[in-house]
Amino acid sequence: MPMYEPIDVHVVCPLPDAHTWGYDHAFFQRQQQRLAALGGQVHLIPYKRDSEQDLWELRSWEALCQNVAPLLHTQTAAYDRSLIICVDQPWLQTPYALGTGKGQVSPHHIDMLLVLYSTAFIRNWETPDATEIAWEQEGLEASQPGSCVALADICPSFTAHLKTHFQLSAARFAPYTSSILLDDPTFAILDEAVVRTTLQSFGIPLNADVVLAFGRAASIKGFERLIPALAPLRDRVHFVLISVPYINDASQQQMYDQLLQQHAIRATHIKAFTRDLPRALCQWPRTKMVVVPSRHETFSNIPLEVALWARENGPVVVASTIGGFVDQIQAGITGFFIDNSSSQHITQTLLHVLDLSEAAHAAIRYQAYQRVIRAFDFARNFPVTLRWFWQREPWTAGYRAR
């Protein structure tokens, strides 16, 4: 982004430990090294009062926002302009801790962007937690006319959700289209021998058409609705489910196993996180579709990742008609939609996809890939965000930004 160089990057994270759900130390080290190679820095913020304290407790969020403020004051003082991007609920009230919240005087050289990918109304859609709603409401209201705080417009459906549920008539929304790094090495095309070896290592049969689903082992992901709908297809496909449990709770995975057995579905159920298997399956010609039957989903990267992996061979995406999927997928052109409340509709849609000609299937994969290139390229979209914040003043020689 030569218009703004030099820009220094600082990444601030909660301090992880052995009890942090999903923490992969090797992955963290790789990302730290990757950032260091670009001249960036990582800062880790403590939040625990006791070893069993979970990151997704309100007291953890309060601690993070308070504990990060001194670092932000120090770092922003060293730069002419700073854009602070606060991602997810834990950091949502950082503006108040920094003194830039509603009713506070904002420093001229600081801009803040609050980025949410979910809310209490989505996570616990049946009975939203009132304390979480209050936390989100106050945080979002930091964005007011004349303030330095803006909210991220990650996709039209979620921006509408925020405006409706939190009555944000005065909030400022900045363009921040949820996007993906197209040139990330994880999207490189694999040799067929590597794909075959990967599938065999997980016990996936090579002589059957495959339906794939992957995500957290949680009711919100809708896998328990997909499995019964696969029963009429049991003689035509092998189902691969990759489900990742939360901490030590295997109850949801046990339900999936019971349903698979009850409906006599040929399946491989992988019960731990793996990046290698979805990557390989999405480049395997006999993987016909990736099904995402979520009950709620703000903006999933699955349609983007599948389109990039499957650009030469592999599946198309079939997703619920909810949330960000509606913004990502063009029905019948780049993928397909299901009504996840109707087992019959799910089955009919899956049968339709299985019956597509090879040419029609390839055309949908191609169009899905082209749409990701056009609409969801981070290298193209992020400069739009910077211009929104920084175009208001001329960029002068000698400026430093972060």
Side-chain angles (χ1 to χ4, degrees), residues 122 125-126 157 161 204-205 208-243 251-270 278 281-282 286-300 302-303 306-307 310 314-365 367-368:
I122 293 174
W125 67 95
E126 293 175 327
S157 59
H161 169 89
I204 311 300
D209 289 340
V210 172
V211 173
L212 170 64
F214 58 97
R216 286 186 294 114
S219 178
I220 198 170
K221 296 302 180 181
F223 298 139
E224 69 276 9
R225 293 187 171 184
L226 170 62
I227 294 171
L230 287 167
L233 286 68
R234 65 167 66 91
D235 295 328
R236 295 188 59 180
V237 301
H238 185 87
F239 178 48
V240 178
L241 173 62
I242 305 170
S243 69
S251 59
Q252 202 74 18
Q253 291 179 319
Q254 291 167 358
M255 179 201 304
Y256 302 153
D257 287 337
Q258 291 167 2
L259 287 170
L260 290 169
Q261 183 176 10
Q262 175 185 339
H263 294 280
I265 294 168
R266 294 181 297 172
T268 302
H269 184 189
I270 306 298
L281 278 170
C282 289
R286 299 206 65 171
T287 306
K288 297 303 179 181
M289 68 192 89
V290 173
V291 186
V292 198
S294 304
R295 299 169 188 261
H296 297 275
E297 196 79 57
T298 300
F299 192 98
S300 169
I302 289 177
V306 172
V316 298
V317 172
V318 179
S320 302
T321 48
I322 51 92
F325 294 130
V326 177
D327 302 316
Q328 296 169 299
I329 297 170
Q330 297 166 296
I333 299 173
T334 65
F336 297 90
F337 287 120
I338 52 174
D339 175 359
N340 70 356
S341 67
S342 168
S343 184
Q344 182 180 8
H345 186 269
I346 296 173
T347 301
Q348 290 173 345
T349 304
L350 303 189
L351 285 170
H352 172 71
V353 175
L354 281 178
D355 291 336
L356 288 173
S357 68
E358 187 175 333
H361 197 275
I364 291 169
R365 286 192 294 102
Q367 287 159 163

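What's counted below: heavy atoms across the whole structure, side chains too, no hydrogens, waters or symmetry copies.
- Residues passing the side chain to side chain donor-acceptor pair (under 3.5 Å) test with Gln252: none are found, sequence neighbours excluded.
- By the 4.5 Å heavy-atom criterion applied to side chains, Leu259 and Glu224 are counted as neighbours.
- His269 meets the side chain to side chain donor-acceptor pair (under 3.5 Å) test with Ser243, Asp257; sequence neighbours excluded.
- Considering CG of Asp355 and CZ of Arg236, their distance stands at 4.5 Å, rounded to 0.5 Å.
- Across every non-hydrogen atom of Ala267 and Leu260, the tightest pair is CB-CD2, 3.8 Å.
- To the nearest 0.5 Å, the span separating CG on Asp339 from OG1 on Thr349 amounts to 9.0 Å.
- Side chain of Arg295 to main chain of Ser219: a donor-acceptor pair is present (N/O by atom type, distance under 3.5 Å, no hydrogens or angles).
- Rounding to the nearest 0.5 angstrom, the gap separating the CG atom in Asp209 from the NE2 atom in His238 is 11.5 Å.
- Taking every heavy atom of both residues into account, Ser300 and Gln328 meet most closely at O-NE2, 2.6 Å.
- Counting only distance, with no hydrogens or angles, the side chain of Thr287 and the backbone of Gly314 share no donor-acceptor pair below 3.5 Å.
- Between Ile122 and Ile220 the shortest heavy-atom distance is O-CD1, 3.5 Å.
- Residues Thr347 and Ala229 approach most closely at OG1-O, 2.7 Å, considering heavy atoms.
- When all heavy atoms of Ala213 and Phe223 are compared, the closest pair comes out as CB-CE2, 3.8 Å.
- The environment of CZ in Arg266 is crowded: more than 12 heavy-atom neighbours from other residues, nucleotides or ligands sit within 6.0 Å.
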**OP:** Please lay out, stage by stage, how Val237 and Ile265 fare under the test side-chain contact (heavy atoms from CB on, under 4.5 Å).
**Re:** CA-CA 9 Å; Val237 301; Ile265 294 168; over 6 Å; no
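- Of the possible donor and acceptor atoms, none in the side chain of Arg365 sits under 3.5 Å from a partner among the backbone N and O of Pro315.
- For the ring pair (Phe, Tyr, Trp, His ring centres under 6.0 Å) condition, the pairs that include at least one residue of residues 332-355, sequence neighbours left out, are Phe336-His352.
- Atom CD1 of Ile302 and atom CZ of Phe325 lie 6.5 Å apart (nearest 0.5 Å).
- In this structure, Leu230 CG and His263 NE2 are separated by 9.5 Å, a value rounded to the nearest 0.5 Å.
- Inter-residue side-chain proximity for Val353 and Val211 is flagged as unmet; no heavy-atom pair is nearer than 4.5 Å.
- Remark: side-chain polar atoms of His361 are paired, donor with acceptor, to backbone N or O of Lys288 under 3.5 angstrom.
- Counting only distance, with no hydrogens or angles, the side chain of Ser294 and the backbone of Gly222 share no donor-acceptor pair below 3.5 Å.
- For Asn340 against Arg225, the heavy-atom pair with the smallest separation is O-CD, 3.2 Å.
- Looking at heavy atoms from C-beta onward, Phe214 lies out of side-chain contact with Leu281 at the 4.5 angstrom threshold.
- Atom-to-atom distance recorded for Leu233:CG and Leu351:CG is 4.5 Å, nearest 0.5 angstrom.
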